[in-house]
Amino acid sequence: MCGRYSLAGPDPAELRTRFGLREAPEWTPRYNLAPGEAILTVTAGPDGAREVARRRWGLVPPFLEQPPRSGALFNARAETAAEKPLFRAAFARSRCLIPADGFYEWARLPDEPIPGAPGRPPRRPFHVSAADGAILAFAGLAALWRPGTAEAIASTTILTTVANATVAAVHHRMPVILTPEQELEWLDPTTPVGRLRELISGEATPTLSLVAVNPAVNDARHDGPDCLTPPPPGPPTSRSRARGPVAVAPTLF
DNA sequence: CCAGACGTTGTT
DNA sequence: GTCTGG
DNA sequence: CCAGACGTTGTT
DNA sequence: GTCTGG
């Protein structure tokens, strides 16, 4: 799944180039983006030009009288989003991209708990990024909620699909990642549904790398470079004591 | 017909 | 808006 | 996603 | 256990 991600590496100029934007977007590095927050999205405007906008992460479909609780609907299953009442209209008419340089997953390590420690072992955070360091584009849906009186809400959700072999070490779902070629078709309003389904099937996911990171990322209020650093040595798992990128046992799931 | 939900995730 | 349950 | 609150009363 | 906030 995808409930936390980073967009910290690329500066505005790089984002402009990578996504074909007219102007560089306002953006300062974010290491710990969470549901409910304002995130960066890219859509195709009426003339086909790329447009960038900040949207609340957590879709607010236009027909709801009240927005769902903050951050709900932050993912939609790619397999069913075209049919689900909450996502159908956005799938048909309002697709978008979410720029990212990686996403986080949490998993309990197999060799915990420590003998003598009470309770279940905690889930540990991992960061997943492109093996070549490229900027990623998640496939997403967008909506604009215009209530009578209150302020309008621009919102978005990230599509999820089955985890590839790399991510499957820690989790069974992951965000849909598009290649630059696929992005064109995903944003094109004339792309037929059958093709859209192919695009988000996860077939073309780039090679990813997975590393254990500092549990500082657990707290969504913590937003700093240490979200991406290796876990500090510490309460005792052999894995968390390793240095540098940490290999993960291949079949937790 | 009207009323009320409409989601994903993980966990057991 | 659209579907399900009563 | 994870972390942290979750309430009422009376008093200042 | 469940909901809210980040």
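Here is how names work: the chains are called A, B, and so on, in the same order as the sequence lines, proteins then strands, and each is numbered from 1.
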_Intra- and interstrand pairs of DNA chain B - dot-bracket, Watson-Crick/G-U under 3.5 Å, | marks other strand_ = ||||||......
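The CZ atom of A:Arg108 sits 13 Å away from the C1' atom of D:dC1 (whole-angstrom rounding). A straight line from CZ of A:Phe87 to P of C:dG1 spans 18 Å, rounded to a whole angstrom. As rounded to whole Å, 12 Å separates atom P of B:dT8 from atom NE2 of A:His172. Distance, A:Glu105 CD to D:dC2 C1': 13 Å, rounded to whole Å. For A:Asn75 and B:dT9, the CG to P distance is 6 Å, given to the nearest whole Å. Rounded to whole angstrom, the span from the CD atom of A:Glu79 across to the P atom of B:dG7 amounts to 14 Å. Rounding to whole angstrom units, CG of residue A:Leu86 and C1' of B:dC6 are separated by 4 Å. Atom P of nucleotide B:dT8 and atom CD1 of A:Ile158 are separated by 14 Å, given to the nearest angstrom.
Nucleotides B:dA3 and D:dG10, compared at atom C1', are 42 Å apart to the nearest Å. Spacing of C1' atoms, D:dC2 relative to B:dT9, comes out at 13 Å, to the nearest Å. Between the P atoms of B:dG4 and D:dG7, the separation comes to 24 Å (whole Å). With P as the reference atom, B:dT8 and C:dC3 are 16 Å apart, rounded to whole Å. Atom C1' of E:dG5 sits at a distance of 24 Å from the matching atom of B:dA5, rounded to the whole Å. Taking atom C1' on both B:dT11 and E:dG1, the two are 13 Å apart, rounded to the nearest angstrom.
Using a cutoff of 4.0 Å between basic side-chain nitrogens and carboxylate oxygens, A:Arg173 and A:Glu79 are scored as salt-bridged. With salt bridges taken as basic N to acidic carboxylate O contacts below 4.0 Å, none links A:Arg4 and A:Asp223.
Between D:dA3 and A:Arg123, no contact under 4.0 Å exists linking OP1 or OP2 to a side-chain N or O. The side chain of A:Lys84 places no N or O atom within less than 4.0 Å of a non-bridging phosphate oxygen (OP1 or OP2) of B:dC6. Distances shorter than 4.0 Å separate some side-chain N or O of A:Arg173 from OP1 or OP2 on B:dT9. The side chain of A:Thr157 places no N or O atom within less than 4.0 Å of a non-bridging phosphate oxygen (OP1 or OP2) of B:dT8.
With B:dT11, D:dC1, B:dT9 as the choices, the nucleotide that has an atom nearest any side-chain atom of A:Trp106 turns out to be D:dC1.
The nearest pair of heavy atoms linking A:Leu141 to A:Arg95 is CD2-CG, 4.1 Å. Scanning all heavy atoms of the two residues, the minimum distance from A:Pro125 to A:Trp106 falls at CB-NE1, 3.5 Å.
Checked by atom type, the side-chain pair A:Asn164/A:Thr205 shows no donor-acceptor distance below 3.5 Å. Residues A:Thr41 and A:Arg55 bring a donor and an acceptor atom of their side chains to less than 3.5 Å of each other. The closest side-chain donor-acceptor pair between A:His222 and A:Asn218, if any, does not fall under 3.5 angstrom.
A:Ala89 comes within 4.0 angstrom of no nucleic acid atom, judged by non-hydrogen atoms across all strands.
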Below 3.5 Å between N/O atoms, which protein atoms pair up with nucleotides 3-6 of chain E? Just atom names and distances, please.
from  : atom 1 : to      : atom 2 : distance (Å)
E:dG6 : N7     : A:Pro35 : O      : 3.3
E:dG6 : O6     : A:Pro35 : O      : 3.1
E:dG6 : N2     : A:Arg4  : NH2    : 3.2

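Within residues 54-68 of chain A, the residues having any heavy atom under 4.0 Å from DNA chain C are, by residue number, A:Phe63.
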*Pair A:Glu105-A:Arg124, side chain to side chain contact (heavy atoms under 4.5 Å, CB included): steps then yes or no*: CA-CA 8 Å; A:Glu105 299 286 0; A:Arg124 307 277 182 198; over 6 Å; no
*Would you sort out whether A:Leu7 and A:Leu33 count as a side chain to side chain contact (heavy atoms under 4.5 Å, CB included), showing the intermediate values?*
CA-CA 8 Å; A:Leu7 181 57; A:Leu33 292 157; 4.2 Å; yes
_A:Leu15/A:Arg18 under side chain to side chain contact (heavy atoms under 4.5 Å, CB included): CA gap, chis, key distance, verdict_ = CA-CA 5 Å; A:Leu15 290 169; A:Arg18 167 65 178 76; 5.7 Å; no
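Taking the centre of each ring, A:Phe19 and A:Trp27 stay at or above the 6.0 Å mark. Ring centroids of A:Trp57 and A:Tyr5 are separated by less than 6.0 Å, placing the two rings close together.
Without hydrogens or angle criteria, A:Asn214 side chain to A:Cys227 main chain gives no donor-acceptor distance under 3.5 Å.
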